[in-house]
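Step one of this worksheet: look at the structure below.
For the single chain, residues carry numbers from 1 onward in sequence order. What you see below is based on every heavy atom in this structure, not just the backbone, and it leaves out hydrogens, waters and symmetry mates. Just so it is clear, the structure is predicted and the values come from calculations on it, not from any experiment. Order of appearance sets the numbers: ligands from 1, and atoms from 1 within every ligand.
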Amino acid sequence: MQEKYCCLCGSNVKSFLPWEAAKDYPFIDLLKCIGSDIINFYCPNCRSTDRDRHLWLYLNKIGVFDALNSETKIMHIAPEAPLISRLLKKTSHIVAGDLFPEKYAHVSYNVQKVDLTDINAQDNYFNLFIANHILEHIIDYKKALKEINRILINSGIAILQTPYSPVIYRNFEDPMINTDELRELYYGQSNHVRVFGIQLFDDIKEAGFNVSYFEHGTILKDIDPNIYGVNAREGLIVAIKNN
Ligand SMILES: [Zn+2]
């Protein structure tokens with residue numbers, strides 16, 4: 001079997017490990033949802049996930065990481081250790097936030113409570129905002145998008161990775177899908193609150209952004225998704241605040 005490579009810890013590994021709760025999701029499959037590769041999920045060495053690795057590859061490829069300097073102000077939501085450790089080498093102006101900061105008691109960096117629908121930060125402040133698979137957890141995500149827009153400077157960049165279905169326009173959610181079991185069945189995870197459709201991209205625009213979508217097969221065509229343990233169908237969603 002071909003060896004795999006983790007771009008975050010630089011290790012060759014025999015295989016990536018599945019997400020512990022991975023199972024079949026027929027409804028999600030029907031909607032052709034684009035999200036994590038739950039089979040080639042964790043790196044057995046550094047525990048990075050497929051979406052951590054993919055985001056790192058994308059941020060490098062489009063030049064976002066190289067453009068960071070000691071003055072860059074970043075808000076990083078649900079900060080993934082392998083990513084934030086690299087960002088911190090570039091700038092100390094990072095607000096790491098999560099709705100449940102107590103989950104980060106064991107990490108070396110400070111994580112503060114941030115509710116994306118009511119961000120405790122001034123207007124026009126951050127250069128870069130990163131939320132990697134977060135919006136699918138937020139009930140009032142349109143308010144969150146407006147808040148993200150508010151705290152960014154003009155032309156500031158928001159990385160807004162989230163699972164979505166490319167075969168439906170309207171988001172799929174229903175108030176009767178109200179238990180962990182039903183959310184898992186219909187949304188793919190018990191703490192997701194919807195399946196986004198293509199309207200996601202219009203909603204991001206509506207919140208005051210230009211949106212770009214970078215496809216793996218276009219800008220990362222030299223990266224074999226099987227070797228790097230990433231989902232080739234997952235593109236990069238980049239929103240740039242309108243001036
Ligand atoms: Zn690794």
Heavy atoms from other residues, nucleotides or ligands near NZ of Lys90 exceed 12 (cutoff 6.0 Å): yes

Salt bridge flag under 4.0 Å for residues Asp98 and Lys113: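 Salt bridge flag = no for Lys113 with Asp98.
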
Cation-pi between [X] and [Y]: NZ/CZ under 6.0 Å from ring centre and within 45° of the ring axis?
| X | Y | answer |
| --- | --- | --- |
| Lys61 | Phe214 | no |
| Arg183 | Tyr186 | no |
| Arg150 | Tyr125 | no |

Metal site the Zn ion (ligand 1), protein N/O/S atoms found under 2.8 Å: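 My tally for this metal is 4.
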
Among Leu83, Ile77, Leu87, the one residue meeting side chain to side chain contact (heavy atoms under 4.5 Å, CB included) with Ile130: Leu87

